Every structure is written in C-alpha cells, then in structure tokens.
There are 2 protein chains.
Amino acid sequence: MERRDEILHIAGQLFSQRGYHATSMRELARHLNLQGGSLYAHIASKEELLIEVVRQAAARFLGVLEGLEGDPVAKIRALVRGHLRVIAEELPRATVFFHEWKHLSPPFLKEARALRRRYEEGVQGVVQEGVDKGVFRTESARLATLFLLSALNWTYQWYRPEGPLSLEEISEQYARLVLRALGVWEGGEDGEA
Amino acid sequence: MERRDEILHIAGQLFSQRGYHATSMRELARHLNLQGGSLYAHIASKEELLIEVVRQAAARFLGVLEGLEGDPVAKIRALVRGHLRVIAEELPRATVFFHEWKHLSPPFLKEARALRRRYEEGVQGVVQEGVDKGVFRTESARLATLFLLSALNWTYQWYRPEGPLSLEEISEQYARLVLRALGVWEGGEDGEA
DNA sequence: CCTACCGATCGGTAGG
DNA sequence: CCTACCGATCGGTAGG
C-alpha cells in the first residue's frame, strides 16, 4: 500500500509536467525502477492513477473550505491564503486537478466535475454571504465568484516556490486585490506600500 | 492553401477539446474526409499544426494590445473587453494558446513562450503606466499584473457562448472588478446595481 | 489525395 | 515484481 502511494506521487508529477496522454506507463515505471507491466500489481489502470490524483488534490482544496470562519472578509482572506498554500505545497497535484482531469472518461469525469463544482460552490457561498450581509458590493455574485476563482485557479500556472515573491507576500496582496474587487476598501490603507 | 486552413481550423477544435496528444492524425483526417496519410500533402507534421494554431491565437491577443488607447483606465477597459472578445470568437484557438502549447518541443516551445510573454508584458505595461501616473494603487505592479492576467486567462475555462451571461455583461462587470482591484473606484457608482 | 506500408510505442495481461 | 507477449494504434513515408 505504501508502494501504491509512491506510484501515485510520481504519476502526479509526470501528469502535471507532460500531461496525462504524453506520460506512458513505461516512463512512469522507469521512475520507480520497475518494469512497465509491474505497475499493474498495484493499480488497475492508468486512468485510476489520474482519478486518484484528482481526488487527493480535491481533498486538499475542499479542506480549505472547511477551515473558514469569521466574517466574510476573514473567510475570503483565509480562502485566498489556503488556496495558494495548497498550490504551493501540492503544485503537481493541483495542476492535475485544474487540467488533466479533462482526460478522464465518463464515470470518472463525472466525479471530477462534481469535486470541482463542490469547491466552486463553496467559494460562491462565501461571496454570496458577503453580498447578503452588505459587506461585498457587486452586481452579480455569480460573476464575482467566477472572477475570484479565475484569479485563484490560474496561479498554479505562474507560482513557483523558488520565485521572487514569497507565498506570504503573494497571499497578502492577492487577498487585498480580491477584497478590493469585491468592494471592500481596507480602513487606513491608502494603496501605497 | 485553403485546404490547409481547413485542416488548421479543425485541428484547433480537436486539440482544444481532447488535447494535443489525445488527438490522432487519423481522427483529424476523418473530420476532413481524408485518409490519414493525405494530411501530409498539406502539412509537415502534427507539431506544425500545433504551433500554427498557437500563432493564430497569439496574433489575435496581440492585436488587442495594439488597439489600446487613452488613459490607463480606458486601456484596461479595452483590454478586458478585447481579451474576452477574442476568447468568445476564438474559443478553441484560445484554449490551445493557453494550454496545449506546453506540448511543443524545444524550438517551437521557445517561440510559444515568447509570444505569451509578449502579451503578458503588454498587459504589464498598461498596469505600470497606471501606477506611474498615480491612477492605479497597488503595492506591486508585477503582482497586480499576474492577478489581472489570471482573472483574464482563466475565463476560457468557463465562458461559453450559449451561457446565461452575454459577452457585453461579462466584459462590463469584469472591467469593473479589475479596476476596483487596481484601486480605481468609479465615480457615482456605489456598487449596487 | 489514396493505398499500403514502416518501425515504434501504447496500455494491459498471462504465467510465473 | 519480472519476462514475454498481445492487439491496437501511433506519426509519418513511398510511390503513385
């Protein structure tokens, strides 16, 4: 069972780097010092690897939603931080979650879509709560949610642990940008550093 | 030469739907009522199709940058509109531009990266101009640019022509969200519809 | 643009 | 977990 986790780990890395279809089972096996066919002593199929990686990533993102508390502003702040932290800690899996899931076939595809929708609905819930309480000002909660999700989801494309900006800095400023977009002007903050 | 454009058109659609590696040349040929090998009378390789689609999409996005004029606020508004319009009109090609380019091999990969970078630098230029003129208020122009690009780039994931929101509505509100994030509060607008 | 074909590689299995 | 193998399919080419 431990070996299976190793396989999943490497599979996540390869799928995220080269893409699902461009990763062959033999290549995966080579990274584990195995023969191609030996993988099937631990897993049923290539697609199983993909859905498992998607599930692992989904669990991390959904975990962020569960930890939210406080007023809508605090929730958005924690959401931005949490989302970026998952991406920082799980870049390969997050990448698969955001992209490679599309290559799943119907039964698993449906599951992946459901997991992603749950996350999106969680985010929308926070936005809606802020709108209902009069804290966020936006014409359409739906569009503001899509905007927020877009800003968050794309970060896996450019965030690199070794980059010039620390996760702390990025989180801090991203949260500010998002809150401003939602119509929340921070007290005592005039926009200059 | 007209036939080649047809091939490129269908290739863009298939690459965006199923992904580059999951699209076979025989499948592409079938969509054109051709035999697999016949494609090579018009093109040199599968990869050529990919880079060409990327180039076409890049031309559209870079065209948006060229059309920008006025003050930074007007430019951001036109940028958001233009970007979303390209996505609306060229969804398959835009998708390939944002994703499938990763599967290019070194020489073409470099070109694709350069095209994307040019677009990103163009956007950064607008943000920087706004910051320099004191119109935009943000701690880091770089991070604000990444935020803006993230919000824009991800739209191809959820925008659908047949969706409930018209391109006009989306553009209008997206521009407002972006400008607010950049610290621009619209005069006479209090956030309520 | 077709027919016929190339070598390579694919995911997966049998049997140990 | 290995050896040896399966049928299928891949991108691409020769010759017409």
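Order of the sequence lines sets the chain letters (A, B, ...), proteins ahead of strands, with each chain counted from 1. This structure is a prediction, so every number in the text was calculated from the model and none was measured.
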A.B. asks: Measure the spacing between CZ of B:R176 and CG of B:L179 and express it to the nearest 0.5 Å.
C.D. replies: 9.5 Å
A.B. asks: Could you state the CG-P distance from B:L34 to C:dT3, rounded to the nearest angstrom?
C.D. replies: 11 Å
A.B. asks: Nearest 0.5 Å, what's the CG-CG distance between B:L28 and B:L14?
C.D. replies: 6.0 Å
A.B. asks: When you compare the side chain of B:L34 with that of B:R3, does any pair of heavy atoms fall below 4.5 Å?
C.D. replies: yes
A.B. asks: Starting at the 5' end of nucleotides 11-16 of chain D, put B wherever the base has a protein heavy atom under 4.0 Å, S where only the sugar-phosphate does, and a dash everywhere else.
C.D. replies: BBB---
A.B. asks: Between C1' on D:dT9 and CG on B:L28, what's the gap in Å once rounded to a whole number?
C.D. replies: 16 Å
A.B. asks: Would you call the rings of B:W158 and B:Y174 parallel, tilted or perpendicular, taking 30° and 60° as the class edges?
C.D. replies: tilted
A.B. asks: What pattern of brackets, bars and dots sums up DNA chain D from 5' to 3', given Watson-Crick or G-U wobble pairs under 3.5 Å, [ ] for crossing pairs and | for another strand?
C.D. replies: ||||||||||||||||
A.B. asks: For B:R160, does the CZ atom have more than 12 heavy-atom neighbours from other residues, nucleotides or ligands under 6.0 Å away?
C.D. replies: yes
A.B. asks: So that I can tick it off, tell me whether B:E52 and B:R55 are bridged by a salt bridge, with the cut-off set at under 4.0 angstrom between side-chain N and carboxylate O.
C.D. replies: yes
A.B. asks: Indicate yes or no: does B:K133 engage B:E129 in a salt bridge with an N to O separation below 4.0 Å.
C.D. replies: yes
A.B. asks: Calculate the interatomic distance between A:R3 atom CZ and D:dC1 atom C1'; express it in whole Å.
C.D. replies: 9 Å
A.B. asks: Do B:Q173 and A:S140 have side-chain atoms, one donor and one acceptor, less than 3.5 Å apart?
C.D. replies: no
A.B. asks: Rounded to whole Å, how long is the line connecting atom CD of B:Q35 with atom P of D:dC10?
C.D. replies: 14 Å
A.B. asks: Report the distance from atom CD of B:E27 to atom P of D:dC10, rounded to the nearest whole Å.
C.D. replies: 8 Å
